[in-house]
**Student:** 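Provided herewith is a single structure, encoded as structure tokens, for subsequent inquiry.
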Amino acid sequence: MSTILVTGGTGTLGVPVVARLREAGHEVRVLSRHSPDHPVDLMDGSGLDAATAGVEVIVHCASNTRGGGKNDVIATRHLVDAARRAGTVTNIVYISIVGVDVVPFGYYRTKLKVEQLLERSGLGVTILRTTQFHDLVAQVVDMAAKLPLVPVPGGVRVQPIAVGEVAERLAGLAVPTPAGRVTDMGGPEIHTLPELARTYLAATGRRRRVLPVPLAGKAYAAFRRGGNLTPSHAVGRGTFAQFAAGRGK
């Protein structure tokens, strides 16, 4: 069994990753500013040396979408420096997004920069790109549903995947031997955002009209072309309809 450090271990993806690693018998350190055992601030690197001491594998789930996620590069740089100083880290497993190299969206560009930073670090790296989580689609719809009409980007297709399935895959990749860029992971079905919004609203008992809204810009055009999709790797099992039905209970 390995000693594994998980950044973002209290988040949507991090919680099930930590659970699966502990079920497998690993010693898991969960990074958090308020952790009683390993208080760490990734933005200034404080506490990282103690947290990474003796660690073999790091699963990097921490991310901050504010400001296009630019702080992710700073946080990852501190993590890489600490991993080098520790001298025991053989694999950093990073969760990324399908399309970061073809969709010129601010947050995607930052995820790509983090990938490149890790690949140039000289450390062992494993990178998994997945499509959007069911939870993210639900969050987008919930925010839009605060208005009388529910506006969502028109013509954009999404291939959502269950976060638990991604956590299972990440836990399986959290081994001492790095695998580099692994095969992308996508959800089982592709639907437009308006279709998913209607499914989610119906499942959660809200009779609202969905308004497809055309947007402008290169990022929107790339989404419309399907740059965020991976139909040849539709390995997910749980559908968005099943997820929405669970939210409606």
Side-chain angles (χ1 to χ4, degrees), residues 8 10-16 61 63-72 95-100 102-112 129-167 184-231 233-249:
T10 58
T12 300
L13 175 61
V15 167
C61 299
S63 186
N64 185 342
T65 58
R66 295 177 182 175
K70 293 179 180 179
N71 288 340
D72 285 4
I95 180 68
S96 190
I97 307 171
V98 168
V100 293
V102 295
V103 178
F105 182 58
Y107 182 60
Y108 280 36
R109 284 175 165 169
T110 298
K111 296 290 280 188
L112 181 61
R129 292 181 183 177
T130 75
T131 51
Q132 290 77 19
F133 299 158
H134 293 320
D135 307 67
L136 177 62
V137 176
Q139 183 181 10
V140 169
V141 178
D142 281 333
M143 291 179 63
K146 295 178 182 179
L147 300 173
L149 296 177
V150 183
V152 294
V156 173
R157 291 167 294 151
V158 184
Q159 189 180 352
I161 190 167
V163 68
E165 295 177 19
V166 176
D184 292 349
M185 187 176 184
E189 298 176 345
I190 296 174
H191 296 282
T192 67
L193 268 175
E195 289 170 343
L196 293 175
R198 294 185 186 102
T199 296
Y200 185 63
L201 290 170
T204 52
R206 288 175 285 183
R207 295 185 177 181
R208 308 287 291 280
R209 181 185 170 192
V210 174
L211 179 65
V213 179
L215 302 177
K218 294 181 179 179
Y220 177 62
F223 279 122
R224 284 179 59 90
R225 289 194 298 269
N228 57 313
L229 307 175
T230 180
H233 299 112
V235 296
R237 302 179 299 276
T239 66
F240 184 77
Q242 291 169 333
F243 166 86
R247 284 290 186 92
K249 293 180 180 179

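When a residue number appears, it is its place in the shown sequence, counting from 1.
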**Student:** To the nearest 0.5 Å, what is the distance between CD on E189 and CD on E195?
**Tutor:** 10.5 Å

**Student:** Less than 4.5 Å apart, side chain to side chain, heavy atoms only: is that true for Q132 and I161?
**Tutor:** no

**Student:** Between T130 and D184, is any pair of side-chain heavy atoms under 4.5 Å apart?
**Tutor:** no

**Student:** So, do R109 and V100 sit near enough that their side-chain heavy atoms are less than 4.5 Å apart?
**Tutor:** no

**Student:** Does the pair I97 and Y108 meet the rule for a side chain to side chain contact (heavy atoms under 4.5 Å, CB included), with working shown?
**Tutor:** CA-CA 7 Å; I97 307 171; Y108 280 36; 3.6 Å; yes

**Student:** If you measure from CG on L112 to CZ on F105, what distance do you get to the nearest 0.5 Å?
**Tutor:**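 The CZ atom of F105 is 14.5 Å from CG of L112, to the nearest 0.5 Å.
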
**Student:** Is the shortest side-chain heavy-atom distance between L211 and V152 below 4.5 Å?
**Tutor:** no

**Student:** Ignoring hydrogens, what is the shortest heavy-atom contact between A145 and V150? Give both atom names and the distance.
**Tutor:**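 In terms of heavy atoms, the two residues are closest at CA-CG2, 3.9 Å.
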
**Student:** Under 3.5 Å, side chain of Q159 to main-chain N/O of T131, donor-acceptor pair present?
**Tutor:**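 Between the backbone of T131 and the side chain of Q159 there is no qualifying donor-acceptor contact (under 3.5 Å).
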
**Student:** For K111 and G99, indicate whether the former's side chain and the latter's backbone hold a donor-acceptor pair under 3.5 Å.
**Tutor:** no

**Student:** Within a strict 4.5 Å, meaning less than it, do heavy atoms of the I190 and L229 side chains meet?
**Tutor:**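 Side chain of I190 against side chain of L229, heavy atoms only: contact under 4.5 Å found.
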
**Student:** Return each pair, listed once, that meets salt bridge (Lys or Arg N to Asp or Glu O under 4.0 Å) where at least one residue sits in residues 134-152; pairs must be two or more places apart or across chains.
**Tutor:**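 Passing the test, one end in residues 134-152: D135-R247, D142-R206.
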
**Student:** Which residues pass the ring-ring contact (aromatic ring centres under 6.0 Å, His included) test with F240, not counting sequence neighbours?
**Tutor:**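 Here the qualifying residues are H134, F243.
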
**Student:** Looking only at heavy atoms, what is the nearest atom pair of P151 and A144, with distance?
**Tutor:** O-CB, 3.3 Å

**Student:** Would you say V166 and L13 make side-chain contact, with heavy atoms under 4.5 Å?
**Tutor:** yes

**Student:** Please tell me if the side chains of V158 and L196 come closer than 4.5 Å, counting only heavy atoms from C-beta onward.
**Tutor:** yes

**Student:** P188 and G236: which non-hydrogen atoms are nearest, and at how many Å?
**Tutor:**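 Looking at all heavy atoms of both residues, the shortest contact is CB-O, 3.1 Å.
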
**Student:** Check the pair H191 / T239 against side chain to side chain contact (heavy atoms under 4.5 Å, CB included), numbers first and verdict last.
**Tutor:** CA-CA 11 Å; H191 296 282; T239 66; over 6 Å; no

**Student:** Would T192 and V156 count as a side chain to side chain contact (heavy atoms under 4.5 Å, CB included) if you check the C-alpha gap in whole Å, the side-chain angles of each, and the deciding distance to 0.1 Å?
**Tutor:** CA-CA 5 Å; T192 67; V156 173; over 6 Å; no

**Student:** Using modelled atom types and a 3.5 Å cut-off, is there a donor and acceptor pairing between side-chain atoms of D72 and backbone atoms of N64?
**Tutor:**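 Checked: pair present.
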
**Student:** Between L149 and R208, is any pair of side-chain heavy atoms under 4.5 Å apart?
**Tutor:**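 In short, these two side chains do not touch, never coming nearer than 4.5 Å.
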
**Student:** Using residues 212-225 as the side-chain source, report each donor-acceptor pair under 3.5 Å to any protein atom, sequence neighbours left out, with the distance given to one decimal.
**Tutor:**
from: Y220; atom 1: OH; to: G154; atom 2: O; distance (Å): 2.3
from: Y220; atom 1: OH; to: R224; atom 2: NH1; distance (Å): 3.4
from: R224; atom 1: NH1; to: G154; atom 2: O; distance (Å): 3.3

**Student:** For the side chain of T230 and the backbone of G186, is there at least one donor-acceptor N/O pair under 3.5 Å apart?
**Tutor:**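 Not confirmed, T230 side chain does not pair with G186 backbone.
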
**Student:** How far apart are the C-alpha atoms of E165 and R237, what are their side-chain angles, what is the distance that settles it, and do they pass the side chain to side chain contact (heavy atoms under 4.5 Å, CB included) test?
**Tutor:** CA-CA 8 Å; E165 295 177 19; R237 302 179 299 276; 3.5 Å; yes

